[in-house]
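Note that the coordinates shown come from a computational prediction; the quantities given were computed from them, not determined experimentally.
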Amino acid sequence: MPHATELIAIIALGLVLAFLCGMLAQRLRLPPLVGYLLAGVLVGPYTPGFVGNSELAGQLAEIGVILLMFGVGLHFSIGDLMAVRAIALPGAIVQIAVATAMGGGLALLWGWGIGAGLVFGLALSVASTVVLLRALEERGLLDSDKGRIAVGWLIVEDLAMVLALVLLPALAPSLGGKAEEQSHGAAHALADFVGGLVGSGLADSIWLTLGLTLAKVALFVALMLVVGRRFVPWLLDQAARTGSRELFTLCVLALALGLAFGSAELFGVSFALGAFFAGMVLAESDLSHQAAADSLPLQDAFAVLFFVSVGMLFDPFILIREPLSVLAVLGVIMLGKSLAAVAIVLVFKHPVGTALTIAASLAQIGEFSFILVTLGLSLKLLPTEGRDLILGGALLSITLNPLAFALAARVEAWLADRPELARRFERGGADSVAVTAETKAPRRHAVVVGYGRVGSSIGKALETWDLPFVVIDRDRRRVLELREAGIEAVYGDALAPGILEAAGIGQARLLVSATPDSHQARRLVELAREANPRIDTLIRTHSDAERRRLEEEKVGLVLMGERELAFGMTFYALRSLGLKDGEARLFVDAARAESRAEAPTETEIEQSTPELRPHKAEVAEG
């Protein structure tokens, strides 16, 4: 094949095979991601037929990582990043140390050297940002507290890997490898930078290298936060003023790719981190939503090529040659790292649900692992067998990662039915910020469980009408902010013993479950009714099956978010096209009643205006 067509061939065949294999995986009820990886194996050097150019595929995949991290930055504010630093920074560092020790132990057991063990352990310690973001987006967790902690955790991991990539060449001779002869991106640039300033002798100093690396990263971050926060939104605004959609889209891509490339060349920061900070400063602009929409199609296409490139590197015969070694590697990735993450998160007194989500998020490895493998091979630190084991572990862990999330959800649901056991894991969590003895919960109030986007909207409405309410939330920071604002708030899991009582559930008039954890809703209603049989209930759910179960139990009102959104949009559409307000409202009310006909309840008659329904206590008294 002519050299000029290799790029076209890898893009065309990669996308076509990814589509076909993705469709096959979907039919087999597997994540499409498995199909993308299989497509890479089919065009790789270890299977017959066409062999793609893995170097070109890797560069295309890097573009996918850049665009994806740029999109994350658009939605992940600086405030969110700082909010999770208390858990993400120490948690990621400790988890990297534990995973590196486990991987290094395996390497020593197999007779490898210390240098091979260090590279091998580091490669197993860092999870894939691409895989994590896909998993969080599919489950609607990206904007949740769990999702922000997970993303922040991986950002710290990426920063740690940047330091590792810079330090490994300097450490290679003392670890049994060889000195770097050719350029390796940030490490080489840093060596040139140091050598030009202080001479080749000092450039070999590990501490000097580390100090200069930290200084360059700090300088990059400072420039992005001080200068970038003004220049990037201004430039995007100038492109928007031209009225040209092409120029606006081009500006978005130029910022994402240009800042990522510039940060890597000038400051030694990875492409992914450079793109992330570019997106984060661009989020300051009111045009960020349009920028995200314009870059989304390219994000998806190049992210697919990333997984194809991973599959191309994998030698499937390693599963036959070294099955026990592959299982050991998979055990470190999916069990060792996950258990370490659970322990770390619980030590910092976060809920079990958060610990399980972080554990599932880290139960895979990805792009930085492959970069470390490449560097380790070039420095003669890592044997070829190590590369195959890491790639095998990556492929299997990425394939099995959805099962890790499913298992985490099952364990969380199981613990929700056993609050006393869950409380043992979360020792000291709720007690340290429980309602103070001097504070007495109001009477005939509402208890709002969860104060995210839905719960806070309800709370603001109650506050506007000066109606009493108490909030229960599992986010410490949010609880303290509410108390500072003069709102009664209790920290903890509402299912844990004593938490509902601390919120005055026995004297409450209404229980509002505003969290998306619908599988906990029934247990929450049971506990509330045990303490207060006459309490009214308002439950949020995202499942028709769960809605029917709750309605069968005579819950006051069950709202399914997506369905209510559809009714609201239908009402507006009818009004916009000429129907009178009363006609449109009657039609939507009829549609709402019809949609609930599968499980009719006593509350169905006036379900369209729940705020006007007489309270159960008033009906009983009447």
Is there a side-chain contact between Glu583 and Leu586 in this structure, where contact means two heavy atoms from C-beta onward sitting under 4.5 Å apart? no

side-chain contact (heavy atoms from CB on, under 4.5 Å) for Val352 and Glu412? Distances and angles first, verdict last. CA-CA 7 Å; Val352 173; Glu412 185 175 0; 6.0 Å; no

CD1/Ile535 to CD1/Ile505 distance, rounded to the nearest 0.5 angstrom? 3.5 Å

Working for salt bridge (charged side-chain N to carboxylate O under 4.0 Å, His left out), residues Glu526 and Arg523: CA-CA 5 Å; Glu526 291 174 6; Arg523 179 60 180 163; 3.4 Å; yes

So how far is it from Leu400 CG to Leu407 CG, rounded to the nearest 0.5 Å? 11.5 Å

Considering all heavy atoms, the nearest Leu259-Ala278 contact: CD1-CB, 3.4 Å

How long is the gap from CG on Leu403 to CZ on Phe405, to the nearest 0.5 Å? 11.5 Å

Just do the side-chain contact (heavy atoms from CB on, under 4.5 Å) check on Leu15 and Val304 with the steps written out, would you? CA-CA 7 Å; Leu15 293 178; Val304 168; 4.3 Å; yes

Intermediate values then yes/no, side-chain contact (heavy atoms from CB on, under 4.5 Å), Val470 and Val490: CA-CA 8 Å; Val470 176; Val490 178; 4.1 Å; yes

Between CD1 on residue Ile472 and CG on residue Leu524, distance to nearest 0.5 Å: 7.5 Å

Leu511 and Val449: CA distance, side-chain angles, deciding distance, side-chain contact (heavy atoms from CB on, under 4.5 Å) verdict: CA-CA 8 Å; Leu511 170 70; Val449 179; 3.9 Å; yes

Given side chains that start at C-beta, do those of Thr354 and Ile149 come closer than 4.5 Å, heavy atoms only? yes

Which atoms form the tightest heavy-atom contact between Glu488 and Phe469, and what is the distance? CB-O, 4.2 Å

So OG of Ser361 and CG of Leu136: to nearest 0.5 Å the spacing works out to 5.0 Å

Below 4.0 angstrom, N of the basic side chain to O of the carboxylate: do Asp581 and Arg585 qualify? yes

For Ala360, does its backbone N or O pair with a side-chain atom of Asn401 as donor and acceptor, under 3.5 Å? yes

Judged by atom type as modelled, is there a donor-acceptor pair below 3.5 Å linking the side chain of Arg27 to the main-chain atoms of Met23? no

Nearest non-hydrogen partners of Gly35 and Ala25, listed with the distance: N-CB, 3.9 Å

Which atom of Ala239 lies closest to which atom of Cys251, heavy atoms considered: CB-CB, 3.8 Å

side-chain hydrogen bond (donor to acceptor under 3.5 Å, both in side chains) involving Glu246 - partner list, sequence neighbours excluded: Ser244

Interatomic distance, Ile8 atom CD1 to Ile10 atom CD1 [nearest 0.5 angstrom]: 12.5 Å

Less than 4.5 Å apart, any side-chain heavy atom of Leu510 and any of Arg444? no

4.5 Å side-chain heavy-atom contact, Val471 and Val479: no

Check Ala494 against Ile499 and note the closest heavy-atom contact, atom names and distance. CA-CG2, 3.9 Å

Any donor-acceptor pair under 3.5 Å from Arg478 side chain to Asp473 backbone: no

Is there a side-chain contact between Leu236 and Phe248 (heavy atoms, below 4.5 Å)? yes

Please report the shortest heavy-atom distance between Ala256 and Ile66, naming the atom on each side. O-CG2, 3.7 Å

Checking Gln364 side chain against Ser128 main chain: does a donor-acceptor pair fall under 3.5 Å? yes

Donor-acceptor pairs under 3.5 Å, side chain of residues 568-575 to any protein atom, not counting sequence neighbours: which ones?
| unit_1 | atom_1 | unit_2 | atom_2 | d |
| --- | --- | --- | --- | --- |
| Thr570 | OG1 | Ala566 | O | 2.7 |
| Arg575 | NH1 | Leu579 | O | 2.8 |

